[in-house]
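Scroll down for the structure; my scribbles are underneath it.
For ligands, and for the atoms within them, numbers begin at 1 and follow the listed sequence.
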Amino acid sequence: MSSAPRIPVPATPPEDVRVPMTLPKLEEMKRLGQPIAMVTAYDYPSAQVAEEAGVDIVLVGDSGAMTVLGYDSTVPVGMEEMLMLAAAVRRGLRTPLLVGDMPFGSYEASNEQAVANAQRFIKEAGCDAVKLERGGASVDRARAIIRAGIPVMGHVGLTPQTATALGGYKAQGRTGDRASQIAEDAFALQAVGCFSIVFEAVPAAVCEAIMPRMEIPVIGIGAGGTTDGQVLVFHDLLAINTGHVARFVKRYAAIHEAMVAGVGEYVADVRARRFPDETHEYSIDPAELAAFEEYLEQDSLAGESAWDW
Ligand code: KIV
């Protein structure tokens, strides 16, 4: 038997005593080494699940383009669609920090465009912060949005909005040069004031080497266990969708299977007239029913159309 010391797992406080997540609270979690749990959500029920489960940060990810809107990448999703998803999530959340993911094409053109669209996430959808992808010009955009008073989360490593340029949906930073580029991007985003940063699909050892220089909370997805927190896509972790599963995904439920089984059972019940039964019916006072039946039996009703053609 192993004699390794057990790390105490902080309990999720009951819902009624939970207080809204703030940026200082996230900093404190990093300082205390308390892991940060982040998940994506795209609608009211998934937000309610995140709330009840005690998640710290909810991201309305542009992954919603694929998970709930059926696009084959994150590239086509637009601001109006993202705002609609984010506003629905807002209505289902009380305590987690809500981050809106700026879609491809909503921030690249200029700092003015980036600030205007970031403001829409805050004002129209009720988000607390926004996220954008990549280093390079995105560092300027992040700086401009932060100067406009909106907290920004960065995102480096595999950045799906530019997956084609990165050679597809695959791990990044697997050469010394590419790892250095990821580190440089992360440091630049940290320097302009991002409150947190996502590292996606980066070798665990590369992430571990960068971590001592990161002063802001780093949230990993496929970046190993040394980050300050983890994020998974809601539909991946619950297996709501079928198809390819990235190496970094762990399934915590099999919801697609359960949903198909449930709907299949309903279809079978309808076909066999097992549903509905009397427990699903509304009643009527027998005297009222008799009066109604008398009305139906009037000769004057026979064949009479309600319409005067
Ligand atoms: O869009 C998304 O879901 C994301 C997470 C994977 C971080 O960007």
His235 ring center within less than 6.0 Å of Tyr42 ring center: yes

Could you report the tightest heavy-atom contact between Gln161 and Val75, atom names first, then the distance? O-CG2, 3.7 Å

State, to 0.1 Å, how close Thr227 and Cys207 come at their nearest heavy-atom pair, and which atoms those are. CG2-SG, 3.4 Å

For ligand 1, which atoms sit closer than 4.0 Å to a heavy atom of [X]?
X	value
Asp62	1 (O)
Val233	3 (O)
Leu59	2 (C), 4 (C), 5 (C), 7 (C), 8 (O)
Ile221	6 (C)
Thr40	3 (O)
Lys131	8 (O)
His155	8 (O)
Gly61	1 (O), 2 (C), 3 (O)

Can you tell whether the side chains of Glu52 and Arg18 come within less than 4.0 Å, N to carboxylate O? no

In terms of side-chain geometry, is the basic nitrogen of Arg134 or Glu108 positioned less than 4.0 Å from the acidic oxygen of its partner? yes

Among protein heavy atoms, which lies nearest atom 3 (O) of ligand 1, and at what distance? Ser63 OG, 2.5 Å

Answer yes if the side chains of Glu133 and Tyr107 hold a donor-acceptor pair under 3.5 Å, and no otherwise. no

Check Asp101 against ligand 1 and report side chain, backbone, both or neither, counting heavy atoms closer than 4.0 Å. side chain

Neighbour count >12 (heavy atoms, 6.0 Å) for atom CG, Asp285: yes

